[in-house]
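Notes for the one structure printed next.
Proteins come first, then strands; the chains are lettered A, B, ... in the order of their sequence lines, and each starts at number 1. We use all heavy atoms of the structure for the numbers below, so side chains are in, but hydrogens, waters and symmetry mates are not.
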Amino acid sequence: MKASSDVGDESVPVRITLFLKQTPPVPVEAESINPESVTAKDRREIEDLPLWVGNSKERVGDYFRVEVEETEAQQDDDNAPLATLHLVGDLSRFKRLGWGMSRGEMLIRGSVGPHTGAFMRGGTLVIQGQAGDWLGAHMQGGKILVQGSAGNFAGAAYRGYKTGMQGGTIIIRDDAGQMLGARMRRGVIAVGGNCGDFAGFGMAAGTVVVRGAPGLRAGAQMRRGTIILLQPGELLPTFYYDCTYGPLFWRLLYNYLQQEGFALPPDYREMSFKRFSGDANEGGKGEILVCQSLN
Amino acid sequence: MLKIVNGQVYDPINGVRGAVKDICITGGKIVAEEGNKPARPGCDGVEIIDASGLIVMPGGIDIHSHIAGPKVNSGRLLCPEDHYDYFTVATPWQRSSTGYTTPGTFLTGYLYARMGYTTVFEAAAPPLKARHVHEELQDTPLLDTGCYTLMGNNYMVMKVLSDPDGSRRQERLRELVAWLLGSSKGYAVKVVNPGGVENWKWGRDKVDLDTPVPPFDVTPRQILLGLAGAVEELRLLHPVHLHANHIGQPGNYRTTLATMGALAGRRLHLTHLQFHAYEATPKGGFRSAAPQVAGYLNEHPEFTCDVGQIIFGPATTMTADAPLQFSLHRLTGNKWGNCDVEMETGSGVVPLVYRPQSLPNAIQWAIGLELFLLVTNPWQIFLTTDHPNGGPFTAYPQVIRLLMDGDYRRAQMERLHPKVKDYTLLAELDREYTLEEIAIITRAGPARALGLKHKGHLGAGADADVAIYRPQQDKEAMFARPVYVIKGGKIVVRDGQVVDSCYGKRFLVSPPAPNRLPEELEEDFAAFYSISLSNYTVEDAYVARPEVIPCA
Amino acid sequence: MRLNGVTIEDTFAEAFTMYGARVTVTAVNEKWAGHAARAATGFATSIIGCGVEAGIEGPALSSPDGRPGIDCLFFTTSKEDMEKQLLNRIGQAVMTTPTAACYDGLVPDYGRQEQPAARLKIGGKLRFFGDGYQSSKVIDGRRFWRIPVMEGEFLVQEEFTVVKGVGGGNFLILAETAAAALAAAEAAVEAIHAVRGVILPFPGGVVRSGSQVGSRYKFLKASTNVAFCPTLRGIAAQTMLPPGVNAVLEIVIDGLTPEAVAEAMRVGIRAACLEGVRGISAGNYGGRLGKHLFPLRQILQ
Amino acid sequence: MSIHKDVVCTFCSCLCDDLEVEVENNQITRVKSACAIGRNKLLHARSNLARLTAGNKTVSLDEALDIAAGILKQARFPLIYGLSSTTVEAQREAIAIGELIGATIDNPASY
Amino acid sequence: MRHFTRYSTLAKGLFTPRGRQGKKIVVVDVRLTPTARAADYFLQIKPGTDFEVFNALRALIKGLRLGNVDPGTGTVAGVTLTAWQELAQLMQSCRYGVVFFGIGTTMSRGKEMNIELLLTLIRELNRYTRFYAIPMRGHGNVTGINHVLTWQTGYPFAVNFSRGYPRYNPGEFSVVDMLGRREVDAAFIIATDPGAHLPRAAVEHLQKIPTIVLEPHCNLTTPWAQVVIPVAPAGVGAAGTFYRMDNVPLRVKKLVDFPYPSDEEVLRALKERIANA
């Protein structure tokens with residue numbers, strides 16, 4: 001009886017905000033900071049969470065001012081309500097923020113370093129700034145929204161693994177670097193700006209949408225999956241032209257992207273595409289859809 | 001002095017089967033008990049380990065494992081994903097390292113020691129890269145080690161064997177084998193798919209025992225018999241260590257039986273026999289031929305084998321059997337590394353995962369256990385997983401439980417592909433290993449097969465390698481976490497944790513033959529090797545703590 | 001109780017549990033959506049002879065691809081039958097229709113609290129028509145199959161939701177003449193069309209050959225509803241026809257929920273109480289047939 | 001004068017091991033079989049030697065080691081880089097140092 | 001530099017008794033080099049198209065057509081399709097082939113992906129014949145440091161110990177990237193000359209932080225390094241192990257005495273100083 005009422009007391013929805021006090025001199029690894037780890041903790045406990053600053057272990061409180069306030073925040077699907085976590089400041093030296101988070105909401109008002117949201121399983125991660133490399137690497141679920149650009153390897157796999165992103169959605173409003181969605185097996189990645197070379201490299205399934213100019217070698221080594229290029233780009237000769245048509249699933253995807261905050265003009269929904277299948281070297285069951293016309 | 005008192009001792013070589021007995025250790029060796037004088041702790045520098053209620057065994061010996069050298073390192077390089085989640089953090093007595101199926105050298109030493117193993121043999125060293133093997137063994141803590149020198153596809157061996165003059169052939173071969181062993185600082189002669197690797201390099205298919213192999217047109221049978229003869233003449237303590245032809249292929253038990261038949265009456269160690277005991281089914285699959293193979297072994301006490309038990313989960317297959325690795329790569333689509341060691345051998349690496357729901361994997365798993373249970377004399381069969389081919393050595397405690405605990409074994413069988421019962425007879429086998437039998441297949445047996453008289457037992461004069469376990473119903477838990485492990489008289493593991501670090505010895509042999517390349521071959525060496533003869537031999541600098549085991 | 005001068009008998013309609021599924025068919029325009037929907041729900045009047053009862057529910061509540069769509073409802077007595085029927089009907093009627101696509105229409109779920117009875121793999125099985133060239137997309141947590149066809153791609157959702165619904169909701173229109181019965185039935189059908197979650201599986205929404213349970217022949221499970229056949233009023237002891245009634249028509253309603261069935265009955269009966277109708281009754285088997293009972297007078301209050 | 005046979009040239013990764021090197025008074029006087037670069041490297045091995053300095057001042061080895069140890073111990077994100085032209089035996093020691101000070105170790109193979 | 005004569009094109013072997021004769025040498029490069037002049041075939045490709053080359057060769061070896069490339073007049077990477085077809089045929093039908101690749105491939109557009117694709121090509125060629133790939137390593141023992149790092153830590157380069165155990169991530173823990181991002185606060189340079197071969201931004205950061213150098217000779221790094229500790233050069237003034245680019249380990253010798261200790265000795269002393277401080 002007592003225990004359950006305790007839990008009840010602790011699980012008042014709160015918003016926790018971490019304000020960056022000082023830029024660290026060397027890279028910081030901050031996988032300790034995610035909605036799950038701060039929920040039901042008071043200010044002091046949050047300040048005591050560990051940070052790896054270069055080769056030494058320090059505290060969150062050494063770099064952040066922590067504010068905890070009760071809010072009307074909504075209940076998460078899962079049993080206990082999670083705190084909404086806000087981070088404020090230029091965190092581009094902070095690695096691994098939101099690493100492996102599985103629920104809740106994390107909003108970063110500033111830029112972040114590499115590995116943000118890597119291995120994420122659920123919840124929402126919003127970055128109001130630029131993201132570093134390996135954004136959402138090996139992601140399994142949830143949603144990442146970057147309002148700026150992202151680095152290389154967004155949604156990709158770490159060295160050696162066969163499979164990168166396995167689920168969830170990554171939306172990057174501006175540009176993305178190389179190896180976007182490399183080796184992904186499920187999920188959706190949408191980029192509002194340009195992307196670097198090797199988008200969808202070695203994909204096994206999933207969908208990559210690029211609105212701006214694609215780099216070279218999109219879809220190289222892909223086995224299955226879909227790359228949608230809303231601006232034409234040069235394709236490898238191991239992609240073969242099939243037909244020009246308007247695949248219905250694009251309308252579903254369009255609606256979904258719209259709903260998730262990836263805005264496209266209304267006429268994009270009715271678009272027709274040139275379909276190329278490839279990479280022939282890997283069996284040719286993947287496809288690149290290149291925007292053909294706006295009806 | 002260190003004294004282990006009141007432990008229940010399992011020391012099969014000395015016929016001790018669970019008797020309560022004290023073990024005295026001085027200067028890294030086990031010594032006879034001095035009368036009944038009770039040793040007092042703190043006095044005379046005597047340290048006492050109270051082993052009341054505990055099981056005391058000699059340190060474990062792995063007769064066949066891939067822990068060091070070029071292809072192991074290729075495996076590590078090929079699969080960083082094997083390492084990310086498995087690591088040790090540096091402590092004052094422990095280096096940091098990583099890896100699950102292919103742990104780094106430091107971690108390899110710690111993980112073996114943490115199971116009570118104190119001696120491990122690296123199963124395949126190509127002479128040209130033997131320096132690399134020894135460099136890694138130098139960095140493998142807590143273990144005494146040695147390595148076997150690959151000879152089954154060596155050009156010089158084949159060239160000598162192609163000599164029509166029988167007596168000259170035999171003499172040259174003896175000299176060559178001695179020189180190869182000496183140059184590579186190996187302990188025994190390893191033969192991998194004799195002739196088959198070379199044949200594959202020529203783009204040809206598999207060989208039978210009597211298929212002539214380019215470039216010298218000698219047959220696998222000639223290679224095998226020639227090397228076995230040389231090993232006998234050199235009076236090496238460990239016989240030819242054979243990875244037979246046709247590994248992993250349905251129907252290969254016939255080759256295995258033919259190979260054993262060719263050497264009947266002589267000593268031979270057949271390694272990872274599980275992979276060589278497959279009977280073909282009409283549809284191209286395979287069923288267990290463990291009964292046929294075990295039956296033959298039961299009638300031929302001159303042969304020993306190790307099992308190569310597969311373990312469900314990830315493995316990294318690596319072997320000098322390059323053609324096997326290529327076919328595994330084609331079969332699984334997994335990544336593949338291959339290396340061709342100019343005049344000597346090939347090798348390949350392919351990571352894979354064994355799954356209980358895969359029928360072939362389930363059959364392989366059952367065959368391994370069938371061999372353990374059907375070979376009646378435990379002195380003929382030893383525990384290995386052919387690490388990391390069948391799975392990591394860290395699964396030995398699990399295998400021990402499978403052998404000792406029939407209920408557990410049957411429960412595990414329920415996880416398997418249901419059709420496995422149609423292809424194996426494991427379900428009908430009720431034998432359970434005793435602690436003494438476990439002590440034989442993990443320590444005493446390998447020591448005897450290797451000819452190491454001061455290993456694998458706890459009698460006076462033995463090396464003070466001791467593992468002390470707490471008896472438990474769950475044999476896996478028991479063997480995974482010894483209470484103490486003593487290496488060379490030093491406590492290195494306590495409660496399953498490494499508490500001290502030291503480096504072990506390297507076992508070498510010195511066969512009675514001139515340690516030089518037969519003159520007739522010098523010209524070939526100069527013409528065809530890419531290095532100078534004088535730079536070939538592994539220098540003494542690469543073996544910090546050698547121990548030369550005299551030949552019989 | 002009388003309604004507009006028509007006697008509402010104090011009886012109940014007896015209905016039973018069936019499994020129901022909503023399938024949304026979309027196409028380039030209403031015409032082709034209609035072709036697909038009509039073909040998919042064709043010849044599905046009665047479970048007795050068709051294996052499924054189906055009909056067009058109305059314009060699609062939501063069209064995932066934004067094109068004109070039609071919701072169809074299917075009812076069967078088992079989940080296995082539903083799978084068989086949907087596979088056949090979507091495969092033969094929707095996949096074959098130019099431009100048509102097919103989605104699980106019970107998303108969002110039709111106002112139900114309880115868990116769906118099952119999710120049937122339909123697209124997940126039809127996909128094999130693609131001969132290895134089929135591919136799938138997961139969008140917003142739902143998987144869709146893309147099957148290459150000569151005109152482009154057939155898009156079909158992998159899983160369709162099956163819920164426990166109600167089959168055999170009904171009422172009988174007892175009229176003075178066949179013409180009056182038909183006019184009343186048509187009015188009822190028209191009114192019921194506005195109700196969501198139900199279909200009237202019989203031709204034009206009306207059935208004249210109502211049935212009784214069992215038969216004197218061993219090989220027949222149902223036979224003509226002797227009690228309401230005007231030509232048998234004289235010789236059949238069990239006749240239930242009031243005087244002056246010369247024709248009876250039945251409206252049969254299958255619905256996703258009992259509430260929807262009751263609503264359909266309510267608006268249907270109200271609309272049917274026209275000139276020339278003597279009474280409204282219902283198929284009542286003494287409570288042996290099904291667990292859903294719809295007392296007419298209670299529904300109309 | 002002494003002649004070293006089968007000398008390994010360490011200039012490039014070919015490691016030609018058939019060089020013949022003549023040494024006189026601790027000076028390499030002649031190199032046979034090497035390529036031009038390898039020969040040059042051996043012949044001039046003892047010229048242009050670096051000087052032991054710390055902050056541009058000449059120091060003793062002990063002092064240099066103290067300063068180096070101080071720098072490395074204090075560093076919070078140190079880098080150990082290179083190791084491409086030295087022995088495995090030295091490389092081992094460098095890795096051990098890297099582990100002690102929590103460094104990142106890299107070599108020219110990374111780019 | 002004796003690669004041609006001692007190891008590859010001119011070398012005689014058991015199965016190539018006639019040396020250069022009986023071998024086919026194909027050079028693929030962006031410019032006509034002396035090596036290219038000595039080749040049987042030279043394919044001059046556009047810079048940065050290595051990936052396209054390997055991709056096309058893979059396809060041709062599998063007998064696939066190339067989309068958008070005209071079978072008669074088309075080109076890939078600036079070279080005619082016909083030439084690539086001939087090369088594919090040659091590779092497939094040879095008895096034993098080796099691709100030697102260098103930093104032109106590893107450093108041009110695509111970088112490690114070029115290598116991944118090349119190795120895939122080599123793997124696939126082994127369905128038809130024996131084919132191998134050997135990276136042309138420049139520095140004497142870069143292979144050795146890759147090996148020793150791998151057997152000790154599990155990874156060949158870009159190994160980070162900041163959390164007390166080895167972690168690996170090229171791009172994150174590789175020298176050019178770390179220095180370029182100005183993350184490093186002290187550097188220890190051993191037996192290499194970053195001043196000569198690292199990009200300018202990286203060198204500039206090195207010049208701003210305490211840098212310690214172990215090096216026998218004056219080079220482009222020693223003038224500005226904070227601490228310079230001269231050592232005896234390996235293979236001249238110190239013995240030890242080197243790994244050849246094809247992974248063969250050799251023991252290098254000490255030929256003459258140097259006024260300085262070896263790297264090994266300096267490093268061991270430094271290690272002890274750090275451990276015991």
- request: Select one option (side chain, backbone, both, neither) describing which atoms of E/T153 are under 4.5 Å from chain D's heavy atoms.
  value: side chain
message: For the interface with chain D, which of E/V175, E/I229, E/V252 has the highest count of heavy-atom pairs at distances below 4.5 Å?
response: E/V175
message: With a 4.0 Å cut-off on N to O distance, would you call E/K253 and D/D17 a salt bridge?
response: no
message: Quick check on the interface: out of D/V8, D/N56, D/T10, who has the most heavy-atom pairs with chain E under 4.5 Å?
response: D/T10
message: Using a strict threshold of under 4.0 Å (side-chain N to carboxylate O), is an ion pair present between E/D263 and E/R268?
response: no
message: Looking at D/D18 and D/K5, is any side-chain nitrogen of the basic one under 4.0 Å from a carboxylate oxygen of the acidic one?
response: no
- request: Could you tell me which portion of E/P166 (side chain, backbone, both or neither) has an atom closer than 4.5 angstrom to a non-hydrogen atom of chain D?
  value: neither
task: Could you check which of E/N160, E/L267, E/I190 has the highest count of heavy-atom pairs closer than 4.5 Å to chain D?
output: E/I190
E/I103 CD1: over 12 foreign heavy atoms closer than 6.0 Å: no
field: Contact winner vs chain D - E/Q152, E/E265, E/R167, E/R163, heavy-atom pairs under 4.5 Å
entry: E/Q152
- prompt: Under a 4.5 Å heavy-atom cut-off, does chain E meet the side chain of D/A36, its backbone, both or neither?
  reply: neither
- line: Okay, E/P223 and chain D: the region with an atom under 4.5 Å from a heavy atom over there is backbone
- prompt: Between the side chains of E/T143 and E/R244, is a donor N or O closer than 3.5 angstrom to an acceptor N or O?
  reply: no
- request: Between chain E and each of D/L61, D/I67, D/D66, count heavy-atom pairs under 4.5 Å; write down the option with the most.
  value: D/D66
message: Counting heavy-atom pairs under 4.5 Å with chain E, which one of D/E99, D/K57, D/K41 comes out on top?
response: D/E99
field: chain E contact via D/I37 - side chain, backbone, both or neither, heavy atoms under 4.5 Å
entry: side chain
message: Under a plain distance cut-off of 3.5 Å, with no hydrogens placed, do E/S174 and D/D106 share a side-chain donor-acceptor pair?
response: no
- prompt: Under the 3.5 angstrom rule, does the side chain of E/H205 hit a backbone N or O of E/A201 as a donor-acceptor pair?
  reply: no
field: Contacts with chain D made by residues 107-118 of chain E (heavy-atom distance under 4.5 Å), listed by residue number
entry: E/M107
field: Residues E/E204, E/K208: salt bridge by 4.0 Å N-O rule
entry: no
message: Once side chain to side chain donor-acceptor pair (under 3.5 Å) is applied, do any residues pair with D/T87, and if so which ones, sequence neighbours excluded?
response: none
